[in-house]
Amino acid sequence: MWEDFKKFAVKGNVIDLAVAVVIGTAFGKIVTSLVEDLIMPSVGILLGGFSVAQLSYSFGDAKLRYGAFLQSVIDFFIISFSIFLAIRLFTKFQLKKDVPEEKPLPVLDTKEQLLTEIRDLLAKEKTGQ
């Protein structure tokens with residue numbers, strides 16, 4: 001069982017996933033700080049000091065803090081959009097290793113074109129088309 005676990009843990013995909021999780025967590029903290037410490041206070045200043053997070057409705061002893069929920073939804077959209085932009089920027093500058101460089105087709109002279117046509121016609125006759 002230990003040998004199977006070592007084989008699994010040393011595979012490239014598992015290590016890549018672990019690195020991605022660590023980097024994603026760190027990036028998530030950066031984006032969360034951006035939203036909570038820069039963007040939302042700026043929005044509050046533009047709205048004259050109004051904060052969505054403070055909205056609530058009291059009913060007897062119960063207090064419905066719907067503003068905190070709205071703040072979480074707004075944070076989610078801002079964070080999602082920020083991550084989308086970062087990934088889009090990353091993929092734009094990423095080198096395209098999988099796409100082979102297209103080589104221009106060689107220019108055939110008249111003899112080569114005729115021989116190619118004859119070859120194609122003979123292949124059609126052979127298959128009975």
Side-chain angles (χ1 to χ4, degrees):
M1 186 169 164
W2 177 249
E3 290 299 319
D4 290 339
F5 177 73
K6 282 189 341 188
K7 287 178 187 176
F8 172 77
V10 178
K11 282 185 181 178
N13 293 341
V14 174
I15 294 171
D16 292 343
L17 180 61
V19 170
V21 167
V22 170
I23 291 174
T25 302
F27 184 71
K29 288 180 181 180
I30 291 170
V31 174
T32 301
S33 176
L34 171 75
V35 171
E36 291 177 356
D37 300 328
L38 297 176
I39 294 176
M40 290 315 293
S42 300
V43 171
I45 290 170
L46 291 174
L47 295 176
F50 179 74
S51 175
V52 175
Q54 304 303 324
L55 296 175
S56 64
Y57 180 77
S58 295
F59 186 75
D61 291 337
K63 188 172 187 180
L64 298 174
R65 297 178 34 209
Y66 65 92
F69 174 74
L70 288 175
Q71 184 67 47
S72 296
V73 171
I74 292 168
D75 290 351
F76 170 77
F77 283 117
I78 293 172
I79 290 169
S80 299
F81 186 69
S82 299
I83 292 173
F84 166 75
L85 289 178
I87 290 173
R88 187 171 178 194
L89 184 67
F90 176 73
T91 56
K92 185 176 182 179
F93 290 115
Q94 185 179 12
L95 296 175
K96 306 236 182 218
K97 296 176 184 176
D98 298 338
V99 179
E101 186 178 314
E102 290 186 27
K103 297 178 183 176
L105 294 175
V107 179
L108 300 176
D109 65 3
T110 309
K111 291 178 186 177
E112 290 174 335
Q113 287 177 349
L114 289 173
L115 288 171
T116 304
E117 290 175 14
I118 292 170
R119 180 199 64 202
D120 294 342
L121 288 172
L122 289 173
K124 279 185 181 179
E125 284 183 16
K126 200 176 216 182
T127 60
Q129 292 181 348

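Remember, it's a predicted structure, so these values are computed and weren't measured experimentally. All heavy atoms count here, side chains included; hydrogens, waters and symmetry mates do not.
Considering L122, L121, T116 as possible partners of I118, the one that fulfils the side chain to side chain contact (heavy atoms under 4.5 Å, CB included) test is L122.
The same ILVMFWY cluster, assembled from side-chain heavy atoms under 4.5 Å apart, contains both V35 and I87.
Remark: L115 pairs with no residue by the side chain to side chain contact (heavy atoms under 4.5 Å, CB included) rule, at least two apart or across chains. Scanning for side chain to side chain contact (heavy atoms under 4.5 Å, CB included) contacts around Q113 gives L108, with sequence neighbours left out.
Taking Ile, Leu, Val, Met, Phe, Trp and Tyr as hydrophobic and joining them when side-chain heavy atoms fall under 4.5 Å apart, one finds F76 in a cluster with F69, V73, F77. Side-chain contacts under 4.5 Å among hydrophobic residues (ILVMFWY), followed directly or transitively, place F81 together with F84, L85.
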Worksheet entry | Audit row: K111, L114, side-chain contact (heavy atoms from CB on, under 4.5 Å) steps and yes/no | CA-CA 5 Å; K111 291 178 186 177; L114 289 173; 5.9 Å; no
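Expressed to the nearest 0.5 Å, how far CD of E112 lies from CG of D109 amounts to 4.0 Å. To the nearest 0.5 Å, atom CG of residue L64 and atom CG of residue L55 are 12.0 Å apart.
Sorted by first and then second residue, the side-chain hydrogen bond (donor to acceptor under 3.5 Å, both in side chains) pairs with a member in residues 52-78 read Q71-D75; sequence neighbours excluded.
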Extract all donor-acceptor atom pairs below 3.5 Å that involve side chains of residues 21-32 and protein atoms in other chains or at least two apart in sequence.
from : atom 1 : to  : atom 2 : distance (Å)
T25  : OG1    : V21 : O      : 2.8
T32  : OG1    : G28 : O      : 2.7

